[in-house]
Each structure stands twice: as C-alpha cells, then as structure tokens.
Amino acid sequence: MTYTATNAPVPEGTIVIERGATAKDVAPKLNRSVADIVRFLLQQGEMVTATQTLSDDMIELFAAEVGAEIRMVDPGEEQEVGLLELLDVMDAEDEDETLLRSRPPVITVMGHVDHGKTLLLDKIREANVVAGEAGGITQHIGAYQVEKDGHLLTFIDTPGHEAFTSMRARGADATDIVILVVAADDGVMPTTLEALAHAKAAEVPIIVAINKIDREGAQPDRVRQQLSEQGLTPEEWGGDTIMVEISALQNLGVDDLLEQILVVAELEDLRANPDGRAYGVVLEAKLDTGKGPVATVLVQRGNLKVGDPMVAGPAWGRVRALVNDKGEQVKEAGPSTPVQVLGLSDVADAGDDFVVAPDDKTARKVGERRGQYAAIRDRAADASPIKAGVKLEDIFEQIQKGEAATFNVVLKADVTGTLEALTESLRKLERDDVKIQFVHRAVGGITENDVQLAATTGATIIGFNVRPDRKGRALADTEGVEIRTYEVIYQVLEDIQSAMLGMLAPEYEEIVTGDAEVREIYSVPRVGKIAGCYVLNGVITRNSKVRFIREGTIIWKGAVQSLRRFKDDAREVREGFECGIGLTDFQDLRPGDIIETYEDREIPRV
C-alpha cells in the first residue's frame, strides 16, 4: 500500500515550521490532516503519533511529497519572523500618507557636563529636578513632555559624561531635534564634540543653546567661532544653524529657544500613524520592589494601550499599567509620548526596540527565544574561569612586583542604562597588567547574596546609587569584603584608574554611624513632616549627614535638621530608642524607609 496525498492544494510561498513540531502542528500549515502525515511516515518505516515530536528529516520528507516549500526555524523564531512581517506591514502603513498625523517633536538635550542641560530642562518644565542630583550629573535618561503655545514637545535628557556615550547615541537615534548646550564661558569641550558627532550621525537638525551668558567672562561669539569650525555656521553669519543665547539660571532666552524648536519642528513636518500596534524604543528600565520590572519607553508610532501584549528585547508581557511623565496613570500613549510600562516579565535593556505583538503567545515565545540567545552569548563571554581577584588597594602592590592583577567586580546599579554605561567605562580602563573581570552585574540594592559571591571570588563590590542592606553590610564586615558605593560616576572611574596607575592618594573613609527605620509620619504646623523612627543601629546625631534609602536605593541626601525624644530636643539617640527626625528640604516620607547617618574620616594610604 502506498501513500496517496489529499488533493487539496498546499499554501503558496515559503511555509515556516518550527523544529520539534508534531504532526498536529504541521498538518494545518500544509493543508493536510494529521492522519495524512502519520500514514505517510508509517509507509517510510517511521511509526509516530499525532503528538510526537518529528525530526527535521521527517517534516522535510513529507513537505517534499506534497510539493510544499518550507523553512525550518528554531522554536520562537516563527514568532520573530511574524513580528518582522508585522513591522513590514507597519512600514507600509507609514508610507500611506492618508494614515499619517502630525506628532510632537522629540528633542534631545546634549552637551558637556555642568554646561547647564538639566537646569535648562528645569526651567522648561518649571519643576525642580536639579536638587536631587549628585555632583551635578544626570544619572540616567529621563523623558518629559511640556506644552508651548498649544503644542506638545517631548524632551529626552541625556547625561553629559563621556561614560554615557552609548546611552547618548541611543538618545540621538530616537530624536528629531538636538539641542546642543554650550556654556558661553567654557566654550566647546571634548564632550561637546562627542555629542555633536552623535547628533550629526543621527542626521537631525541641531539648535545650539549658548548658556550662561549672564556670567562674567561669557564669550558667545567665541562659541560661535568654535562651532563654525566644526561645521555649524550660525544663521547670523550666513549659515543655517540656529544659535540662541540663554541663561537657564536667570531664565533668559528660554522662551525664544522653545519658539525656535517649534519653527524647526514645523519645517520638519513630523508625522506618524497614531493608530494600530505600537512600536518604539526603551529609554530606561529598572526593577521596582513594589511594581516589578518597569520600563520607560518612547512610543514612535501606533498607539500603546493598557492590555496590549508587547515584547521589548527578551522581556515580554501584557501591559498592566501605563504611567506618564507626571506620574499619572493613562490608558494609552501615542507617537512621541514617553511612558512607563508595568507588566513585563523582566527588566528590559535600555535601547531595546519594543513592539506590540499579535497575541500573548507570540510575545512570550519571541521574548523567551531572545532571552535564550542572550544567555548563550553571556555564557560564551564569561566562559573563562573566574580567577582570584585582588582588592583595589592591592592592585598597585601587585603591579610593582611585575605580576598581572585581576580585579574582580560585583557591579550593582540603580537602573540598566547606568549599569551598561559603567560596564563599558570600566572595561576601557583595562591595561596589559590589570584585567577587570565582572563576576556579577545586576540592577538593585547590594544583597547578602552579592556579598557571598564576592567573598567566594575575591571580588570588590561597586554600588552606583544603591546601598547594601543590613544583612549584606554585616556579612561584608565578617568576610572582609570591600564594598564601595558611589553617586557620581567620575569617582568610580578615578578610583579604579588611580589604583591601576598606583596613584591612590589619602582619602576619606565613610563611616556609617547609625540607621533608623521610619515607623510613623507626623505633620507639624509651620515645620512640615517629622519621621517617627526607631533606631536600629548605632547613634543618630543632630546635624549629621544623612542618606534617605527606599528599597535599597538612595533617593535623597542631606542632614538631620531636628532630633527629638518625646517633646524634648536631643543631641543624639542611641540604638533601641524611638525618636522624631526632621530632615532638611525633604518631605516625601513613607513608613519602612531607612534614614542612614554617616561621617567622613580621613585615612592615609600606606
């Protein structure tokens, strides 16, 4: 008895079939019944059931028999192909002029650190975001929308330090207009040129904001001359680059700058399809203890809605909530809108594209497949065995002996973009005689597990804008694990580079003097909020330096303004006692927060 194929025609074109598929999976794709496949394979000497995994040869043999053209793909790749086809459809829709609508411009603010980018955005948004920043550097990308003359403008704020090169490049790739901020007194700096290179690569209009014109020594014409040498000739000199003199501090020229942005945006005729499946880019992502993985995304086309299945890199899930830049929950977000997404399975990587998938199954399979490939790449990169590491202070001593040193690092940061930028920056510091080996990198506070890993591998823990919990700190003291925490990226790079060059100078050692847990919040007229606390460790002293920690992340730094025991002022309160603590310029108090006091003590290098 020979197999006789059903007379129904097979689908035209190439049919995508996953490896490991069953007869039940393959039959409908080839317009055949399960019995057709089982009967044919039985005649070839292969006994299979409807739900048994078929080999590639079996599937290809049957396809050839019925005259079907197929392509075998890895599990999940079919969904990836489906997503690519979906994007092709979306591209076609974008070319349909009747579907396009005007959208807000996306503006990226670039420039050298301390040239006033964040203060400029502060004035534009009329919100105080400067006070909470350490050392005047923006620690990770934020996105905000403002309104000017009835038009919405979307701003992406990028850090100014060269360590964030890759993040800044992504910011430029997602932007329509670049504002290049240059201080009138400092002029063009190396980082200014670096930002300019990214802006030119993105092929978008550049508007120059010549800031700090109110300062003594300001020379705006010198800035114009320097920029004209880089190919940016001012309009007033016969060129086509708009240059606006401003003082962000004095709020001079900011309105003029916004008007120029609107003019350029109108000339650019920015449009996108506001309907259909959303597509865009992940600007930032982090793990929030209460909310789970949170991704800040910029919608570039389509309409992102609560309930949409989406995939962003290896992360996938159904959108549980959308939060706009004002902290309000919204139901949807259209083109050029920045929004926080809750509901993803994992922390996405900053710079990942995101797309709304046809269904949950597609989103999950594509995300899982990408995750598997990423894990394979990571394993290959870390395939070399971890060598015993040395402490930062010991590196120079080992170099002096002519020995190659390996500096093992457990790196923790508050958000993925910072983690990535730090990793790249530290790798650039490697020398022939000193290698940096990342034992573990992750987002979140420093935990007991991190300390155990560092103790096992001889690693130093570097924390950026995060702190160790009590158990982690105690274990580090017991195991002799070095924990270094930073809030300004310069200090991380300077410390490690100095160690590598044998230039570690005397430094200040930070001593944690006490920590207290917020139990109650009291409002006092004409004073503000007072934290009712229980001192967990050490001594809390009036006027001492303080960090305010929520879920392992530093959210504010300042000083203890007032300290009370019952109704009496107290100079200090020791472990095991309750007290009331008032903080300078900070009112966002919540039960469970930790108030950590510390002091700096100078220690000589020996």
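We're numbering straight along the sequence, starting at 1.
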task: Taking the side chain as every heavy atom from C-beta outward, state whether I581 and C533 have any pair of such atoms under 4.5 Å apart.
output: yes

message: Suppose we screen for side chain to side chain contact (heavy atoms under 4.5 Å, CB included). Which residues come up paired with T485, at least two apart in sequence or across chains?
response: I446, R467, P468, I483, E510

- prompt: Any side-chain heavy atom of L304 within less than 4.5 Å of one from Y279?
  reply: no

Under the salt bridge (Lys or Arg N to Asp or Glu O under 4.0 Å) test, residues paired with K545 that sit two or more places apart: D600

task: Just jot down the salt bridge (Lys or Arg N to Asp or Glu O under 4.0 Å) partners of K286, sequence neighbours excluded, or say none.
output: none

Could you pull out every donor-acceptor pair under 3.5 Å between side chains of residues 328-335 and any protein atom, sequence neighbours left out?
{"unit_1": "E328", "atom_1": "OE1", "unit_2": "N324", "atom_2": "ND2", "d": "3.0"}
{"unit_1": "E332", "atom_1": "OE1", "unit_2": "N303", "atom_2": "ND2", "d": "3.0"}

Side chain to side chain contact (heavy atoms under 4.5 Å, CB included) partners for V263, two or more places apart: L267

task: Check whether any side-chain heavy atom of V339 sits under 4.5 Å from a side-chain heavy atom of V323, and report yes or no.
output: no

Partners passing salt bridge (Lys or Arg N to Asp or Glu O under 4.0 Å) against D593 (at least two apart in sequence or in another chain): R550

- request: Just jot down the salt bridge (Lys or Arg N to Asp or Glu O under 4.0 Å) partners of E268, sequence neighbours excluded, or say none.
  value: none

query: Just checking, is any N or O donor in the side chain of T233 or T241 under 3.5 Å from an acceptor N or O on the other one?
result: no

message: With salt bridge (charged side-chain N to carboxylate O under 4.0 Å, His left out) as the criterion, how do R215 and D186 come out once you've worked through the C-alpha distance, each side chain's angles and the decisive distance to 0.1 Å?
response: CA-CA 10 Å; R215 284 200 174 181; D186 277 352; over 6 Å; no

- request: On the 0 to 90° scale, with breaks at 30° and 60°, tag the F548-F586 ring pair as parallel, tilted or perpendicular.
  value: tilted

- prompt: Are N465 and Y486 linked by a side-chain donor-acceptor pair shorter than 3.5 Å?
  reply: no

field: D214/K212 salt bridge by N-O under 4.0 Å criterion
entry: no

query: Do E517 side-chain atoms and G592 backbone N/O form a donor-acceptor pair below 3.5 Å?
result: no

query: Less than 4.5 Å apart, any side-chain heavy atom of V560 and any of N543?
result: no

- prompt: Among all residues two or more places apart in sequence or in another chain, which pass the side chain to side chain contact (heavy atoms under 4.5 Å, CB included) test with R320?
  reply: L342

message: With no hydrogens and no angle check, just 3.5 Å: does a side-chain donor-acceptor pair link T423 and R441?
response: yes

query: Does the T154 side chain pair with the main chain of T337, one donor and one acceptor, at a distance under 3.5 Å?
result: no

- request: Would you confirm whether Q145, through its side chain, and S336, through its main-chain N or O, come within 3.5 Å as a donor-acceptor pair?
  value: yes

message: Under a 4.0 Å threshold between the charged nitrogen and the carboxylate oxygen, would E487 count as salt-bridged to K557?
response: yes

field: Candidate list V106, I261, L120, test side-chain contact (heavy atoms from CB on, under 4.5 Å), partner F155, passing option
entry: I261

field: Residues in ring-ring contact (aromatic ring centres under 6.0 Å, His included) contact with Y598, at least two apart in sequence or another chain
entry: none

message: Closer than 3.5 angstrom, by distance alone: can the side chain of S523 be matched with the main-chain N or O of K529 as a donor-acceptor pair?
response: no

Whether T553 side chain and V466 backbone form a donor-acceptor pair below 3.5 Å: no

task: Evaluate the side-chain proximity of V204 to D176: yes if any heavy-atom separation is below 4.5 Å, no if none is.
output: no

query: With no hydrogens and no angle check, do the side chains of S544 and E599 hold a donor and an acceptor under 3.5 Å apart?
result: no

- prompt: Under 3.5 Å, is there a donor-acceptor pair between the side chain of T416 and the main chain of A285?
  reply: yes

task: May I ask you to test the I207-I177 pair for a side-chain heavy-atom distance under 4.5 Å?
output: yes

message: Looking at T175 and V178, would you say the former's side chain and the latter's main chain have a donor-acceptor pair under 3.5 Å?
response: no

task: Determine whether V443 and D414 make a side-chain contact, defined as any pair of heavy atoms from C-beta on separated by less than 4.5 Å.
output: no

Residues forming a side chain to side chain contact (heavy atoms under 4.5 Å, CB included) with P293, sequence neighbours excluded: L287, V347

- request: Mind checking side-chain hydrogen bond (donor to acceptor under 3.5 Å, both in side chains) for R222 and listing every partner two or more places apart, or none if nothing turns up?
  value: none

statement: In short, salt bridge (Lys or Arg N to Asp or Glu O under 4.0 Å) pairs touching residues 240-257 with sequence neighbours left out are K148-D255, R224-E245

